[in-house]
Every structure is written in C-alpha cells, then in structure tokens.
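Okay, so here's the structure we're looking at.
Just the heavy atoms: all of them, side chains too, but no hydrogens, waters or symmetry mates, feed the values below. Each chain gets a letter, A, B and so on, in the order its sequence line appears, and its residues count up from 1. Bear in mind that the values here come from a model prediction, so they are computed numbers and not experimental data.
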Protein chains: 2
Amino acid sequence: MATFQSLPGFREFYPDALARRNHIFRLWRQTASTFGFAEYDAPVLEPLELYKTKSGDEIEAQLFSFTDKGGREVALRPEMTPTVCRMVGAKANALKRPIKWFSVAEYYRYERAQKGRERAFFQFNADIFGEPGPEAEIELIALLTQCMCAFGLTEQDFYVRLSDRNLWFYYLEALGLDEAKTRAMLSAVDKFEKAGEDAFKAYEEQHGPIGAELKAKILAFLQIKTLAALEQTLAPVGGEKLAARLADWRKVLGGLEAMGLARYVEVDLGVVRGLAYYTGFVFEAFDRKGELRAIAGGGRYNDLVAKLGGPELPAVGFAIGDVTLGLLLEARGLMPTLVNASDIYCVIGGEAERRAAFADIHALRAAGYRTDYPIREVAFGKQFKLASESGAKLALIYGADELAKGLVKVRNMSDRAEQDVPAAQVMEFVRDFFGGE
Amino acid sequence: MATFQSLPGFREFYPDALARRNHIFRLWRQTASTFGFAEYDAPVLEPLELYKTKSGDEIEAQLFSFTDKGGREVALRPEMTPTVCRMVGAKANALKRPIKWFSVAEYYRYERAQKGRERAFFQFNADIFGEPGPEAEIELIALLTQCMCAFGLTEQDFYVRLSDRNLWFYYLEALGLDEAKTRAMLSAVDKFEKAGEDAFKAYEEQHGPIGAELKAKILAFLQIKTLAALEQTLAPVGGEKLAARLADWRKVLGGLEAMGLARYVEVDLGVVRGLAYYTGFVFEAFDRKGELRAIAGGGRYNDLVAKLGGPELPAVGFAIGDVTLGLLLEARGLMPTLVNASDIYCVIGGEAERRAAFADIHALRAAGYRTDYPIREVAFGKQFKLASESGAKLALIYGADELAKGLVKVRNMSDRAEQDVPAAQVMEFVRDFFGGE
C-alpha cells in the first residue's frame with residue numbers, strides 16, 4: 001500500500017536507529033556546552049521570503065514551499081542561518097557578546113536523494129555573533145574538530161580545509177581582475193575540483209580567454225597547502241590589505257596550533273563555498289579518504305544580520321550534518337552498540353503477587369531505576385529468561401511462599417546468587433546494590 | 001519588517017526558553033526509560049492520505065497540507081499515532097512484545113492560536129502495542145502520572161480522568177439504544193461539559209426526544225466518580241459483557257492503587273474523546289484547578305494498525321503536550337531557574353600568553369570541563385568580572401610573570417584563594433579540584 005509508506009528522503013527512526021542518532025546529538029551538545037555555547041531552537045516553518053532574501057529567488061526550487069491556509073508563502077527551513085540571524089538581530093542589544101549559540105535541528109530540501117543526502121536531515125549549527133576578528137574562527141574551528149574527535153575520530157579520519165574569500169578577492173584584484181571577473185573566477189574555482197579545466201569555460205565565455213599566465217597563477221594558488229607557501233606566493237604581490245589578511249591567517253593557524261589542532265587543518269584555497277553571502281574565511285570538513293560528501297561547512301558572513309533587518313553584526317558559523325558523519329562513524333567502527341538494558345526485572349508468581357510487586361515497581365522507577373516486569377501472566381520459568389534478556393543486573397522475585405513470610409527473593413543476575421530480603425527493605429537493598437557496584 | 005518575523009503560532013526558543021524545554025524533555029525521556037520504553041522518531045512530513053485514512057477527509061482543514069514538487073499530497077504531521085502504527089505494523093513480527101515505545105517530537109495544526117495552543121507544539125507520546133488486556137492501561141497511566149510527578153507535581157496539581165467507550169456502548173445497548181443512537185449519544189456526552197443540556201440537541205434532532213428516564217440515567221452516569229458507584233449502577237443492568245468489563249475496571253484501578261497512584265485517578269465517564277478511533281478505555285489529564293486545557297490524553301485503539309495496512313495489533317497510548325504542562329509548571333513555581341554556568345574561566349594577560357592558555361583551554365574542554373575565556377583582548381581587571389559573571393568555580397590566570405616561571409595562577413572563585421601551579425600540572429590540579437568538590 002503505497003500511501004502507507006514514508007515519503008522518499010524522509011527517514012523513520014526505529015529504536016536502534018534513534019539510539020545512534022541520540023548518541024551523535026548527545027556528544028554534539030556536550031561538546032558545545034564545554035565550549036560555552038548556549039542552545040537555542042526555532043520554527044520548522046518560516047516565511048519563504050526569509051530564504052529568498054538570503055539566497056535569491058532560485059532557492060525556491062530546492063525548498064518544500066507552499067501557500068498556507070492563511071495565504072502566507074511559507075517554506076520548511078532548508079537551513080538555520082537566516083532564522084538565527086533574525087533571532088539574534090532582534091535582541092542584539094540585550095545579548096552579551098560574543099554571542100555563542102548552537103542548535104541541533106532538522107532541515108528540509110527538495111533534492112534528489114542519494115548516498116549521504118536525504119530530503120530531511122539533521123544539523124548541528126554553531127555560530128558566533130559580535131566578534132569581527134579571526135579569534136571567532138579559532139573558536140569555531142576548534143569546536144568543529146572537537147565535535148568530530150568526541151566520537152573517537154582522529155586526524156587519520158578527517159580534516160578541515162581552510163580557505164578565505166577575502167584573500168581571493170585581494171589576490172585577484174592585485175592580478176588585475178575587476179569585481180565581475182573576480183566573482184566569475186571564484187565561481188570557476190568552486191567548480192574546479194569536480195569539473196577540472198572545464199570549470200573556466202563559463203568565465204571565458206563571459207570575459208574572454210583567461211591567458212596562460214593568469215591561469216597558471218590560479219592553478220598554483222589552488223595547489224597551496226601551507227601557510228608558508230601562501231606567504232611565499234603573496235609576499236611578492238604586496239599591498240596593505242593582503243599583508244593584514246596574512247596576519248589574520250597567522251592568527252587563526254597559530255591559535256589552532258596552540259590548541260594542538262594544527263594536524264586537523266589544511267590550507268586549501270579550492271574551497272570557496274558556492275553561497276554568495278560568505279565574506280571572509282570559509283572552511284569545510286571532509287573524510288581523509290575522500291569517499292564521502294562534505295561532513296561540515298561554514299564561514300564568516302558579516303552582512304547577513306543587517307540584510308535580514310537587524311543591526312550590523314559580524315558573524316561566523318558552521319554546520320555539521322548527521323548523515324555523512326553517521327556514515328563515517330559506521331565505516332570507522334566508531335558507532336557503539338547501544339542497548340537499552342533494564343536495571344531490575346521483577347519476576348511475579350501470579351495475580352495475587354502482582355500487587356505487592358506493583359508497589360515496588362513504581363517506587364523503583366520513581367527512584368530512577370529502569371525496572372521491567374511481565375505485563376501479563378507468564379510462566380515462572382519463562383520470566384527468568386525474560387529477566388536475562390532484559391539485561392537487568394538484579395531480579396526481584398515475588399513468590400507466594402516468600403511474600404507469605406514478608407520476604408522478597410533477590411537474584412544477582414551476574415552470579416545467580418540469591419538471598420531473601422524483608423519486603424519492606426527492598427528499596428534499601430536496591431540502593432545498596434547499585435550504589436555499591 | 002513583517003517578512004522577517006516568525007509565523008503566527010510558531011515559537012522561537014531563545015536559550016532561556018530552550019533550557020526550560022530541555023528540562024521538560026529530559027524528565028520525560030528519563031521517566032520513559034525507567035519504565036522500559038524505547039525511543040523512536042519519524043518523519044515530520046507524511047502522505048496526506050495517512051491522516052485522512054485515520055481521521056476522515058475533514059482533517060485536512062486543520063493541517064498544513066500541500067502538493068510537493070513531485071506532485072505528492074503531503075502534510076506536516078498533526079500527531080504521531082498513524083505514523084507509529086505504520087512503523088510498528090511494518091515490523092510487527094520482528095518486534096518483541098509488548099512493544100513499549102515513546103517519542104518526543106513536534107506537531108503542526110492549522111488552528112487559531114490561543115492560550116495553551118500553538119500551531120507548532122511538542123508532545124511526549126507513549127504507546128504499548130501487542131497487549132490486549134487492561135495491564136497495558138495500568139502501565140501507561142502509571143507512566144503518565146510519573147511523567148508529571150517527575151517535575152514535582154502532586155495530586156494537588158493534576159489528576160487523570162478515566163473513562164471507557166466500551167462501557168458506554170454496553171450500557172447504552174442495555175438501555176435499548178442501537179449503534180447509530182449510541183454514537184449520537186456519545187457525541188452529545190463529548191459536548192456535555194462545555195454545552196450542558198444543549199449538547200443533546202443534535203441527538204434529538206436526529207433521533208427524536210430522548211425521554212426523561214433515559215436522560216436521567218445518562219446524567220446520573222456522568223456523575224459517577226468511583227468504582228463502587230459504577231458497580232452499583234451497572235450491577236442491576238447485568239449482562240456478560242458488562243460484568244467482564246467491570247472486571248477490567250477493577251484490574252486497572254486495582255493495579256494503579258497497588259502502585260500508590262489511586263489518588264491521581266478519578267472515574268469520569270464524561271471523557272469520551274471525540275476521535276472516532278478509540279476502542280476502549282480513554283483518559284485525560286487536567287490541572288486540578290481547571291484553569292488550563294487538557295495536559296494529556298489517550299486511550300485504546302485496537303483497530304488502527306490494521307486499518308493502516310498492518311496486522312491486527314492491539315494498541316493503547318497517550319500524549320502529553322509541552323505547552324499546557326509548561327504553563328502548569330510555571331504557575332506552580334516548578335520550573336527551575338536553569339543557568340548555563342562555566343566550570344573554568346581563563347584570564348589571559350596578553351596576546352603572548354594566549355597561546356599557553358589555548359593549549360590548556362582545549363585540553364580542558366576535551367576533558368569535559370566547561371571552559372571559557374575572553375575571545376578578544378580584554379583588560380586584566382575586567383576579565384575577573386567576566387570570570388565572575390560566567391559562574392565559573394575556578395579561574396586560571398595566564399600572566400606573563402607567572403608563565404615566565406613556568407607557573408599558572410589559579411583562583412578559587414568562591415573564596416578567592418589563589419595559588420601557583422606548575423603549568424604542566426594544570427590538568428591534574430583541575431581534576432583534583434572538581435573531583436574533590
């Protein structure tokens with residue numbers, strides 16, 4: 001029955017899948033908390049105009065957009081950035097700076113589903129507002145790496161490619177390109193990794209042949225992998241803006257090195273990130289083997305808060321997706337087996353004994369012990385099998401003979417040792433048992 | 001700028017609001033876990049047909065529904081029940097019974113926003129599949145009450161009204177009503193609390209005058225508050241079905257009493273829950289003062305899994321909403337002040353000292369300590385104010401003089417006591433400090 005299936009690109013999370021998702025969310029939240037980021041959340045549905053203002057009218061083709069029953073043009077959020085800019089912008093004066101915020105939320109894009117890409121996916125988003133200097137980039141790239149390392153991933157597994165749209169602008173300006181040509185060239189650079197030399201076609205159709213010398217310089221720029229090589233290339237070019245920008249680069253890479261994170265970061269000017277709104281450093285995280293889509297991406301976007309109606313407020317942020325990260329963790333054997341074991345299983349003689357058991361069961365649960373029991377009458381012997389399967393460390397046995405004597409039998413499930421406990425002292429016994437583990 | 005506001009009925013969660021929401025979610029999840037329920041999740045967007053099949057075509061008026069770019073009729077989920085029925089139905093043979101599942105998720109209804117009702121709201125949903133007997137109702141009503149008591153709410157604050165559609169059917173049948181009249185009468189009962197005697201108008205228009213004797217019996221039935229009164233009313237009526245059903249009632253209320261929960265539960269046949277798909281016990285939770293909308297509601301729905309394409313599978317479940325519960329917690333002073341305090345604040349002399357601090361900052365965060373520092377250069381004296389405001393228990397002071405001697409100064413923020421610690425032993429010192437608190 002086709003109508004009773006979920007939509008393509010939308011995932012159902014059965015308990016084992018949800019346990020894996022929760023594992024990812026838990027470590028993201030815990031890591032962000034150690035970095036002093038505060039969690040926020042926002043509507044799933046937003047005015048369509050919010051996304052058009054940020055990304056242009058073309059964005060609508062990729063959105064789940066519609067007209068609601070009140071005649072509003074709305075869209076399921078494809079990302080958090082414009083929403084968080086609106087929220088921060090609306091209270092910019094009241095919020096203590098730097099504003100360090102994060103969220104874990106779901107996003108929706110009407111795209112062709114493929115490996116590592118769903119139509120509904122989760123992201124961890126972290127942003128710093130109010131800090132114009134590259135110190136914010138240090139803090140965020142450190143957070144990004146730790147959000148991966150927290151799972152046991154190492155520099156063998158992933159790396160962060162760091163690039164800079166400003167550096168490209170300053171360099172291309174020094175090479176004689178005007179702004180239109182610079183934008184066309186960045187668009188070519190964005191496509192170069194996938195398309196190779198074909199990436200330059202659109203530029204040449206618009207602006208004429210690039211020329212061998214310029215192309216060689218651009219291709220050489222794309223080969224740069226270290227700060228030293230970057231300085232060597234740009235020192236002869238000169239100019240104040242480039243010099244100041246290189247100082248920013250030294251600050252970012254020096255800070256990350258001081259944190260012990262240099263091994264995760266590579267200079268890579270091939271990353272320009274298609275989105276037009278980035279205004280400075282941009283970065284993406286990838287698996288080292290290059291088998292997966294980008295795991296994370298971000299950068300500086302100093303103009304967006306004002307563009308969306310707020311005050312001028314510098315901003316830098318990134319997002320990690322759950323799908324690609326999940327694939328990487330599975331591939332590296334870093335997704336733990338997550339089991340939902342009980343602490344205690346209550347074995348119940350018969351209906352008459354059920355009431356005595358119920359009093360303890362509820363008290364144990366209210367005290368925080370994961371407690372289970374056979375919901376309907378089950379043969380005594382089979383209940384011990386259920387107790388075993390539940391993963392409980394302790395079985396409480398409510399038999400008629402024992403209860404008649406005011407006793408409950410307890411069994412340590414690991415060594416099968418049994419003893420009788422006065423019925424009134426079950427809670428005390430359990431506290432000692434689990435407290436003393 | 002109107003386009004840059006959120007949609008009506010959709011909430012933005014700034015960090016303080018999200019901390020309150022997370023408090024609610026955390027206690028819900030923790031409670032469900034102690035009861036042995038497994039968490040799942042499911043798509044936000046579903047085929048519209050799923051909801052029409054469950055609730056009839058009229059439901060569409062209340063939904064955020066639209067045609068997606070692939071021509072599919074879709075809707076934002078207004079509830080979890082049909083989705084979870086599909087999921088459980090699809091794997092019914094593989095899942096160990098009873099299937100005890102819960103979720104915490106957001107739902108969307110195009111309704112007029114009013115106090116306690118948003119267009120987007122969260123629910124805790126818990127369901128038991130595969131258990132036909134009233135033992136499942138005991139387990140769920142116990143879970144429902146504990147999901148409220150976990151916040152510190154008591155029987156002074158809320159109660160659960162327990163009713164039974166089967167009992168109404170059997171009683172009205174014994175009183176001579178056919179199925180059509182019974183359904184019309186239940187519809188009147190559903191409206192009675194709000195509309196009073198007017199509630200019977202639709203019935204009388206359709207089926208003629210009710211008659212004084214029948215109406216008196218129905219009004220008396222609505223007055224019943226205890227099992228004893230229920231038995232007294234139904235014993236003279238007789239019949240096997242009623243007798244068996246009263247045994248079920250004794251089992252549910254006896255079980256809840258054994259768990260110490262009788263004080264939370266009232267017999268109240270005025271609850272029939274409008275939705276047509278319930279097939280037995282139904283229940284709702286309300287604040288005792290009657291100031292708020294229903295906090296929770298649920299019941300048995302044995303036919304829905306099969307109706308949605310799965311096997312015959314008995315089911316019972318309930319949902320608690322976040323909005324009304326949040327209002328009740330605020331009104332009772334049970335919403336804690338949640339602060340996101342740092343553990344450690346690093347005071348940094350100048351740029352030269354920053355690198356030494358960075359190494360410790362990252363190591364401390366990776367070890368799980370919430371560590372903050374001034375992201376840009378700030379005067380030394382002002383940093384101690386920031387350290388204080390951050391709520392940190394410990395300040396680490398990276399001054400030039402100390403670092404030259406290989407030392408870091410540490411200040412206990414509660415008593416202002418300071419001491420010098422060798423720079424290489426900062427982590428060890430921090431572990432001792434927090435371990436020994």
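When all heavy atoms of Ser65(A) and Phe66(B) are compared, the closest pair comes out as O-CD1, 4.2 Å. Nearest heavy atom pair, residue Ser33(A) against residue Asn340(B), reads OG-OD1, 4.4 Å. Across Asp372(B) and Gly36(A), no two heavy atoms sit closer than the pair OD2-CA, 4.2 Å. When every heavy atom of Pro43(B) is checked against every heavy atom of Glu12(A), the shortest pair comes out as CD-CG, 3.9 Å. Counting all heavy atoms, side chain and backbone alike, Ala258(B) lies closest to Phe358(A) at CB-CB, 3.8 Å. Between Arg355(A) and Arg250(B), the shortest heavy-atom distance links the atoms NH2-O, 4.2 Å.
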Requested in this report: Start with the C-alpha distance between Thr371(B) and Thr34(A), add both sets of side-chain angles, then the distance that settles side chain to side chain contact (heavy atoms under 4.5 Å, CB included), and finish with yes or no.
Outcome: CA-CA 6 Å; Thr371(B) 308; Thr34(A) 64; over 6 Å; no
**Report entry** Steps toward side-chain hydrogen bond (donor to acceptor under 3.5 Å, both in side chains) verdict (Tyr373(A), Glu135(B))
**Finding:** CA-CA 11 Å; Tyr373(A) 66 97; Glu135(B) 290 83 357; over 6 Å; no
Requested in this report: Given salt bridge (charged side-chain N to carboxylate O under 4.0 Å, His left out), test Glu39(A) with Arg21(B) step by step and report yes or no.
Outcome: CA-CA 11 Å; Glu39(A) 188 173 2; Arg21(B) 193 183 96 184; 5.8 Å; no
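Interface check for chain B: of the options Gly260(A), Ala366(A), Ser342(A), the most heavy-atom pairs under 4.5 Å are formed by Ala366(A). With chain B as partner, the option from Ala90(A), Ala367(A), Gly70(A) having the largest number of non-hydrogen pairs under 4.5 angstrom is Gly70(A). Of all the listed residues (Phe10(B), Tyr108(B), Trp101(B), Tyr14(B)), the one sharing the greatest number of non-hydrogen pairs under 4.5 Å with chain A is Tyr14(B). Contact count against chain A (heavy-atom pairs under 4.5 Å) is highest for Ala359(B) among Ala42(B), Ala359(B), Gly133(B). Between chain B and the options Gly368(A), Pro82(A), Gly254(A), heavy-atom pairs under 4.5 Å are most frequent for Gly254(A). Among Asp343(A), Leu63(A), Thr67(A), the residue with the largest count of heavy-atom pairs under 4.5 Å with chain B is Leu63(A). Among Val44(A), Asp16(A), Thr31(A), the residue making the largest number of heavy-atom pairs under 4.5 Å with chain B is Val44(A). Interface check for chain A: of the options Met87(B), Gln30(B), Lys91(B), the most heavy-atom pairs under 4.5 Å are formed by Met87(B). The residue among Arg354(A), Glu351(A), Arg370(A) with the most heavy atom pairs within less than 4.5 Å of chain B is Arg370(A).
Residue Ala120(A) does not touch chain B at all, counting heavy-atom pairs closer than 4.5 Å. In this structure, the portion of Ala61(A) lying under 4.5 Å from any heavy atom of chain B is its backbone and not its side chain. When heavy atoms are compared at a cutoff of 4.5 Å, Val84(A) does not approach chain B at all. Only the backbone of Phe37(A) comes within contact range of chain B, judged by heavy atoms closer than 4.5 Å. Heavy atoms closer than 4.5 Å to chain B are found nowhere in Arg97(A), neither backbone nor side chain. For Ile344(A), no part lies under 4.5 angstrom from a heavy atom of chain B. With a 4.5 Å cut-off on non-hydrogen atoms, Pro132(A) touches chain B through its backbone and its side chain both. Using a 4.5 Å cut-off between heavy atoms, Tyr369(A) contacts chain B through its backbone alone, with no side-chain atom that close. When heavy atoms are compared at a cutoff of 4.5 Å, Leu261(A) approaches chain B solely by way of its side chain, counted from C-beta outward. Of the two parts of Leu76(A), only the side chain, counted from C-beta on, holds a non-hydrogen atom closer than 4.5 Å to a non-hydrogen atom of chain B. Contacts of Ser103(A) with chain B are absent, with no heavy-atom separation under 4.5 Å from either backbone or side chain.
For Asp41(A) and Arg11(B), the salt-bridge test fails: no basic side-chain N is under 4.0 Å from an acidic carboxylate O. A salt bridge is defined here as a Lys NZ or Arg NE, NH1 or NH2 lying under 4.0 Å from an Asp or Glu carboxylate O, and Glu60(B) with Lys69(A) fails to meet this definition. Between Glu139(B) and Arg365(A), at least one side-chain nitrogen of the basic residue sits less than 4.0 Å from a carboxylate oxygen of the acidic one, meeting the salt-bridge criterion.
Interatomic distance, Asn22(B) CG to Arg29(A) CZ, rounded to the nearest 0.5 Å: 6.0 Å. Cys85(A) contributes atom SG, which lies 11.0 Å from atom CZ of Phe4(B) (distance to the nearest 0.5 angstrom). For the atom pair NZ of Lys96(A) and CD of Glu389(B), the computed distance is 4.5 Å after rounding to the nearest 0.5 Å. Remark: Ile138(B) CD1 to Ile361(A) CD1 distance equals 10.5 Å, nearest 0.5 Å.
Between Phe64(A) and Leu45(B), some side-chain heavy-atom pair lies under the 4.5 Å cut-off. Looking at heavy atoms from C-beta onward, Arg72(B) lies in side-chain contact with Pro8(A) at the 4.5 angstrom threshold.
His362(B) and Phe35(A) have perpendicular rings, their planes meeting at more than 60° on a 0 to 90° scale where under 30° would count as parallel.
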